[in-house]
Number of protein chains: 2
Amino acid sequence: MKPMTIGRLSKAANVKITTIRYYESVGLMGTPDRSESGQRLYGSLDVERLSFIRHARELGFPMDDIRTLIELQTHPSSDCAVVNKIAQNQLGAVRKRLGQLAALERELERMVTSCEGGKVASCQVMASINDHTECSSKDHERIKPL
Amino acid sequence: MKPMTIGRLSKAANVKITTIRYYESVGLMGTPDRSESGQRLYGSLDVERLSFIRHARELGFPMDDIRTLIELQTHPSSDCAVVNKIAQNQLGAVRKRLGQLAALERELERMVTSCEGGKVASCQVMASINDHTECSSKDHERIKPL
DNA sequence: ATACAGTCTACAGCGACTGTAGAGGCAAGC
DNA sequence: GCTTGCCTCTACAGTCGCTGTAGACTGTAT
Ligand SMILES: [Zn+2]
Ligand SMILES: [Zn+2]
Ligand SMILES: [Zn+2]
Ligand SMILES: [Zn+2]
């Protein structure tokens with residue numbers, strides 16, 4: 001039950017120290033106790049919470065959603081419909097992105113295979129970037145990070 | 001051969017005015033001529049260049065790469081190997097991302113299908129985010145925008 | 001003449017961190 | 001006790017690729 005410093009927490013949850021402090025600053029992690037000299041002190045609950053955040057981030061959930069999920073965890077008897085909705089939205093976002101990226105893959109594939117070396121002036125890759133009309137997916141959607 | 005204002009260029013290339021000025025500020029678009037009153041004036045070459053940038057961005061190329069591509073266009077007799085390398089790197093990045101997202105899709109799918117409603121305390125979605133060990137792709141790679 | 005649309009600069013903000021500077025803290029070996 | 005070397009602290013700037021805003025000026029149509 002000894003409290004751990006931020007460095008130990010960082011290793012325990014595999015999250016960088018600066019990121020932990022950032023999560024604290026934006027309210028994802030609560031404000032921890034401090035030692036006499038002002039160092040942050042954490043317990044095993046903090047490891048769990050931080051690991052939860054990390055996994056949620058790895059799954060691509062935005063921080064606002066993670067805040068909601070953590071808030072819901074403190075009300076365990078409430079309905080999980082909100083949780084499920086958040087996860088389904090995320091799944092939808094992932095699928096949409098998969099579609100976009102698959103289209104990009106096809107187009108880039110076509111480009112690189114049609115380049116047979118030579119001068120820039122006659123390069124098919126350049127031509128393909130220049131000429132959007134050749135493009136299979138006529139209008140790409142704006143690329144946003146997941 | 002009449003020069004066009006930034007608004008016309010914006011419509012011609014389907015790029016927002018603020019974005020055009022941003023591209024100018026970071027050196028993707030050159031510094032255009034100005035009217036007596038200081039308004040930017042563009043010609044058809046600018047439409048081509050801006051459209052090129054737009055399509056490259058839609059394909060996910062980072063701005064540094066686009067800078068390189070534009071630079072290469074001004075040396076049409078140089079070897080297109082660099083161009084091809086940039087495109088192949090991009091294709092690799094897209095494929096890597098596709099793999100990551102496919103793993104995310106599977107995991108999210110499993111999560112949402114195993115939730116049967118009820119209280120948050122017994123929600124499988126929550127449990128899955130909490131328990132990373134259940135996870136098929138044991139360690140997800142850090143999610144970075146393409 | 002008046003209305004309205006377009007353009008100008010300069011700067012702040014987004015998300016989710018990462019990196020830096022410069023200061024102070026802590027444990028182990030000598 | 002002292003040095004060595006890592007650990008932690010705060011505060012702030014930078015990343016990428018834009019987007020939005022404020023407040024002033026310009027251009028065009030009726
Ligand atoms: Zn080529
Ligand atoms: Zn295309
Ligand atoms: Zn549930
Ligand atoms: Zn997982």
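Naming convention: chains lettered A, B, ... in sequence-line order (proteins, then strands); numbering from 1 in each chain. In this text the structure is predicted, and so the values were computed from the model without any measurement.
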Visitor: Taking all non-hydrogen atoms of both residues, which atom of B/Gly7 and which atom of B/Ile17 are closest, and how far apart?
Guide: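 What the structure gives for the nearest pair is CA-CD1, 3.9 Å.
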
Visitor: Within this structure, what is the CZ-to-C1' distance between B/Arg40 and C/dC8, rounded to whole angstrom?
Guide: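 After rounding, the gap between these two atoms is 7 Å.
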
Visitor: Give the nucleotide from the list C/dC8, D/dC9, C/dG19 with an atom nearest to the side chain of B/Ile6.
Guide: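 When the side chain of B/Ile6 is considered, C/dC8 is the closest of C/dC8, D/dC9, C/dG19.
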
Visitor: Would you say a side-chain N or O of B/Arg54 is under 4.0 Å from OP1 or OP2 of D/dG17?
Guide: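 For B/Arg54, the contact criterion (side-chain N or O under 4.0 Å from OP1 or OP2 of D/dG17) is not met.
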
Visitor: Rounded to the nearest angstrom, tell me the gap between atom CD1 in A/Ile20 and atom C1' in D/dT10.
Guide: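 Rounded to the whole Å, the gap is 16 Å.
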
Visitor: Atom CD of A/Glu141 and atom P of D/dG17: how far apart are they, to the nearest Å?
Guide: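 Going from A/Glu141 (CD) to D/dG17 (P), I get 19 Å.
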
Visitor: From C/dC17, C/dG6, D/dC18, pick the nucleotide closest to the side chain of B/Thr5?
Guide: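 Given the options C/dC17, C/dG6, D/dC18, the side chain of B/Thr5 is closest to C/dG6.
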
Visitor: Enumerate the residue pairs fulfilling side-chain hydrogen bond (donor to acceptor under 3.5 Å, both in side chains) with a member in residues 37-49 of chain A, sequence neighbours excluded, ordered by first and then second residue.
Guide: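 Qualifying pairs: A/Glu24-A/Arg40, A/Ser35-A/Ser37.
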
Visitor: Can you check the A/Met4 CE to D/dC7 P distance for me, whole Å?
Guide: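 The distance from CE of A/Met4 to P of D/dC7 comes to 16 Å, rounded to the nearest Å.
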
Visitor: Measure from CG on B/Leu41 to C1' on C/dG6 and round the result to the nearest Å.
Guide: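 Distance, rounded to whole Å: 13 Å.
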
Visitor: Report, one pair per line, the protein and nucleotides 12-16 of chain C atoms (nitrogen or oxygen only) whose separation is under 3.5 Å.
Guide:
residue : atom : partner : partner atom : Å
C/dA16  : OP2  : A/Met63 : N            : 3.4

Visitor: Test of understanding: with side-chain contact (heavy atoms from CB on, under 4.5 Å), list the residues that count as partners of A/Ser114, not counting sequence neighbours.
Guide: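 Testing A/Ser114 for side-chain contact (heavy atoms from CB on, under 4.5 Å), a comparison that skips the adjacent residues, returns A/Gln124.
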
Visitor: Pairs in or reaching into residues 45-80 of chain A: which pass ring pair (Phe, Tyr, Trp, His ring centres under 6.0 Å), with residues at least two apart or in two chains?
Guide: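 Sorted result for residues 45-80 of chain A: A/His55-B/His132, A/His55-B/His140.
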
Visitor: Can you pull the salt bridge (charged side-chain N to carboxylate O under 4.0 Å, His left out) pairs that have at least one residue in residues 111-133 of chain B, sequence neighbours excluded?
Guide: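 Counting only pairs at least two positions apart or across chains, no salt bridge (charged side-chain N to carboxylate O under 4.0 Å, His left out) contact touches residues 111-133 of chain B.
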
Visitor: Any sub-3.5 Å donor-acceptor pair from B/Gln90's side-chain atoms to B/Leu59's backbone N or O?
Guide: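 Yes, the answer is positive, given that a donor and an acceptor are paired below the 3.5 Å cut-off.
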
Visitor: C/dT18 phosphate, OP1 or OP2: any side-chain N/O from A/Thr19 under 4.0 angstrom?
Guide: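 Answer yes for this pair, as a side-chain N or O of A/Thr19 is under 4.0 Å from OP1 or OP2.
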
Visitor: Using whole Å, report how far CD of A/Glu24 lies from P of D/dC9.
Guide: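 Between P of D/dC9 and CD of A/Glu24: 9 Å.
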
Visitor: Per the salt bridge (charged side-chain N to carboxylate O under 4.0 Å, His left out) rule, what does the pair list look like for residues 67-84 of chain A, sequence neighbours excluded?
Guide: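 For residues 67-84 of chain A, and leaving out neighbouring residues, the salt bridge (charged side-chain N to carboxylate O under 4.0 Å, His left out) pairs sorted by first residue read A/Asp64-A/Arg67.
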
Visitor: For nucleotides 20-26 of chain C, list the nitrogen or oxygen atoms of the protein found under 3.5 Å from its nitrogen or oxygen atoms, one pair per line.
Guide:
residue : atom : partner : partner atom : Å
C/dG25  : O3'  : A/Ser37 : OG           : 3.1
C/dC26  : OP1  : A/Ser37 : OG           : 2.9

Visitor: Atom CG of B/Leu9 and atom P of C/dG6: how far apart are they, to the nearest Å?
Guide: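 Distance check: B/Leu9 CG to C/dG6 P gives 15 Å.
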
Visitor: Mind calculating the distance between CD (B/Glu58) and P (D/dG17) to the nearest angstrom?
Guide: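 In whole Å, D/dG17 P lies 15 Å from B/Glu58 CD.
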
Visitor: Could I get the full list of side-chain contact (heavy atoms from CB on, under 4.5 Å) partners for A/Lys16, not counting sequence neighbours?
Guide: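 side-chain contact (heavy atoms from CB on, under 4.5 Å) check on A/Lys16 returns A/Thr18, A/Thr19.
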
Visitor: Could I get the full list of side-chain contact (heavy atoms from CB on, under 4.5 Å) partners for A/Arg95, not counting sequence neighbours?
Guide: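 Counting only residues at least two positions away or on another chain, A/Arg95 forms a side-chain contact (heavy atoms from CB on, under 4.5 Å) with A/Leu91, B/Glu105, B/Glu109.
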
